[in-house]
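Below is one structure; the comments refer to it alone.
Proteins get letters first, then strands, A, B, ... in listed order; numbering begins at 1 in each. Note that the structure is predicted; figures quoted are calculated from it, not measured. Below, all heavy atoms of this structure are taken into account, side chains as well, without hydrogens, waters or symmetry copies.
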There are 2 protein chains.
Amino acid sequence: MAEDGREVPTLDEVARVAGVSRSTASRVINGRTYVSAKAREAVAQAVTSLGYSPNMLARSLAMKRTNSIALVVSEHGDRVLGDPFFARVLRGVHAGLAGSGLQLVLLMAQDEQDHGSMANYLTSGHVDGALVVSLHGEDPLPAQLVASGLPVVLCGRPLAKVAVPYVDADNFNGAGQAAQYLIDQGRRHVGTIAGPRDMAVGIDRLSGWRRTLSMAGRPTDAIAHADFSLEGGMAAMEQLLTAHPGLDAVFVASDLMAIGALHVLRGRGIRVPEDIAVVGFDDSGLAATSVPPLTTVRQPIEELGRTMTWRLLAQFEGDVELPPSVLLPTELICRETA
Amino acid sequence: MAEDGREVPTLDEVARVAGVSRSTASRVINGRTYVSAKAREAVAQAVTSLGYSPNMLARSLAMKRTNSIALVVSEHGDRVLGDPFFARVLRGVHAGLAGSGLQLVLLMAQDEQDHGSMANYLTSGHVDGALVVSLHGEDPLPAQLVASGLPVVLCGRPLAKVAVPYVDADNFNGAGQAAQYLIDQGRRHVGTIAGPRDMAVGIDRLSGWRRTLSMAGRPTDAIAHADFSLEGGMAAMEQLLTAHPGLDAVFVASDLMAIGALHVLRGRGIRVPEDIAVVGFDDSGLAATSVPPLTTVRQPIEELGRTMTWRLLAQFEGDVELPPSVLLPTELICRETA
DNA sequence: AGTCGGTCTGGGAGCGCTTCCAGAAACTCG
DNA sequence: CGAGTTTCTGGAAGCGCTCCCAGACCGACT
């Protein structure tokens, strides 16, 4: 550490300069009552003349509250930073923090086995709570944190059966919306390119699709799983096409996969949406600029971050009766593929 | 705050369980010497059985060092989070922090007049140092921080005449590289679309271009300024075309503006690179996917973040003779526009 | 006058840790 | 075997703050 130029003034000095006790100075600084106007004035003077600003560390130690929360990315940092989804969540979190006086500590796994040290850091009193963005479901971190008594809110439904509050997009109903839209358009045989079976988003979007179709008495046999990648989407589309020649619509569980499907369709000379309608999910930047522009289910990503933050802050306030989880409504964005 | 389930064990308890004094326990935990094997063993036992982890806050207070640094974005957060440049810097910073045991605190301006509270936070002992990404040059924050004795490293050359260390891409020589390449290709009249006159990047890239051309005895009259936006680039290109009909090459100070220029050129039926060669700057994602793929000067953005971190850490170590600033070399990426 | 509520104040303990210091214990060595 | 070292240890004083508590002071009521 560099030795700082001027010494940082402490509360004691402020008190001394103002000619009052430390207690009184503290009261003034924290805007507490039971302080005479004279004392208040003197302290205010001293504060400005000394350029005093309270040492947060000491305050935190005394109050057992740090005024900062962690945004934990329990994935390897590099992988996630390029992800626009993450950037938007971060944006939402940041917006949600506005005016709360809380600071954001960014915590990302460095190595694969960094979880221990992260849990350690989090539970050792450095932050008041944590927002966890955990991309794969079987992550033990959230459970550990909750067990240690740290307020935690997750981004996305956890797969593990742990009682930790989370905020997620309403994937189930979003997929339902898409399916319903396709049905309403008179599509007879609606397939789906689903996400991985071991991710909550994949599962939820699949079951939403399935439920809506079966309620409408339509077949739910045309299912192909993929891994949310472009290539995966392409392969799944091929697969669907061979297995179900009669398909006239497909709900794809992510925009990126949908773009892949679109490629395949174009390659085969199948017209979209005339022959086969396509609906994606996410409304990522890709959707608007694909050719043709993708009809998709928008999930409110910034809102996700904002809501997580709200949920955590509410927990700080001691709000009781907080919903254990909240699902954010999705919106069907109609463009040209359906 | 939520009341935590189990009480967090303190060093005192560890000491008690291990049957030693707090001092000894502390020594063991910090791996200090002058501790008997027996004591060491007993404390280790106690630590694991209690699940003890040191309270960072208290430690920080006692040691006057927080083991965390701030990444300060003195721009409004929303604006910057969508920016891939920022994401890549963050990535570099994160990578640079690996293994240092330091945590990253993300600080972004919320409102316009949030600077005061940011400076306050930073100088009140919450972090050991700060990395500042300040996009517009006349920001007073860096100077304030330095004045308060906080180690600071800037991203990008500051415009203000303050002695604060910074890390930047070598914009001057990068622009020179581009110009030289165009000259070597036999281009006679090389223009430039420069950035704003009040931004260091703009200035440096312009002077690099100018210097190389004048060393080669070429005219440096074809200059149009723009604001680093697509539209700005288009307007500037139009302007250049009318003012200097003989132009056969143009160095554009950013990829985005270069894409704009490309649009204009195509619109006018001017062939690139046959009639006019174009070289951009940044090698952002846009460059590779533009049509035709853009020849451009790559600046090592992740490296920027990593180097800033290195510089800050070196300053912590008390390294003397640290370069006040470091410029990272750029690289010309030849694609098809020149 | 005596008592009471209300306002204001300073002393002091405590948050959980590090670290200085002095003393105890265990070694060396002439 | 005592003096001098070297290891080891616990006590205690901080770090800068909050907050409880007891007491001082005030005007106002019986």
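Rounded to whole Å, atom P of dC17(C) lies 15 Å from atom CG of Asn67(B). Following rounding to the nearest Å, Arg27(B) (CZ) and dC8(D) (P) show an atom-to-atom distance of 11 Å. Between the OH atom of Tyr34(A) and the P atom of dC26(D) there is a distance of 17 Å, given to the nearest Å. Atom CZ of Arg59(A) is separated from atom C1' of dG16(D) by 11 Å (rounded to the nearest Å). A straight line from CE of Met56(B) to C1' of dT18(C) spans 14 Å, rounded to a whole angstrom. One atom, CG of Leu61(B), and another, P of dC15(C), lie 14 Å apart when rounded to the nearest Å. One atom, CG of Leu57(B), and another, C1' of dC15(D), lie 12 Å apart when rounded to the nearest Å. In this structure, Leu11(B) atom CG and dC15(D) atom C1' are separated by 15 Å, rounded to whole Å.
Set against dC19(D), dT18(C), dG14(C), the side chain of Ala62(A) has dG14(C) as its closest nucleotide.
Within residues 40-50 of chain B, no residue has a heavy atom under 4.0 Å from DNA chain C.
For the pair Asn30(A) and dT18(D), the criterion of a side-chain N or O lying under 4.0 Å from OP1 or OP2 is met. Residue Ser36(A) has no polar side-chain atom (N or O) positioned under 4.0 Å from OP1 or OP2 of dT7(C). Distances shown here put a side-chain N or O of Tyr52(B) below 4.0 Å from the OP1 or OP2 atom of dC17(C). In terms of phosphate contacts, Ser21(B) brings no side-chain nitrogen or oxygen within less than 4.0 Å of OP1 or OP2 of dT9(D). Side-chain N/O atoms of Thr10(B) include none lying less than 4.0 angstrom from OP1 or OP2 on dG16(C). Regarding contacts with the backbone of dG14(D), every side-chain N or O of Lys64(B) stays at 4.0 angstrom or more from both OP1 and OP2.
With DNA chain C read from its 5' end, the first of the two nearest nucleotides for Lys38(A) and Arg22(A) is the one closest to Lys38(A). Map Ile29(A) and Thr24(B) each onto its nearest nucleotide of DNA chain D; the residue landing nearer the 5' end is Thr24(B). For the pair Ser53(A) and Ser23(B), nearest-nucleotide mapping onto DNA chain D gives the more 5' position to Ser23(B).
In terms of heavy atoms, Gly156(A) sits closest to Tyr166(A) at O-CB, 3.7 Å. Between Thr123(B) and Leu145(B), the shortest heavy-atom distance links the atoms CG2-CD2, 4.0 Å.
A side-chain donor-acceptor contact under 3.5 Å links Ser21(A) and Thr24(A).
Taking CG of Leu312(A) as the reference point, atom OG1 of Thr307(A) lies at 12.5 Å (rounded to 0.5 Å). One distance of note links CD1 of Ile301(B) with CZ of Arg306(B); it measures 12.5 Å at 0.5 Å rounding. From Arg22(B), atom CZ reaches atom CZ of Arg27(B) across 11.5 Å, with rounding to the nearest 0.5 Å.
The side-chain heavy atoms of Phe85(B) and Leu304(B), taken from C-beta on, include a pair separated by under 4.5 Å.
Checked by atom type and distance alone, the side chain of Asn30(B) never pairs as donor or acceptor with a backbone atom of Arg32(B) at under 3.5 Å.
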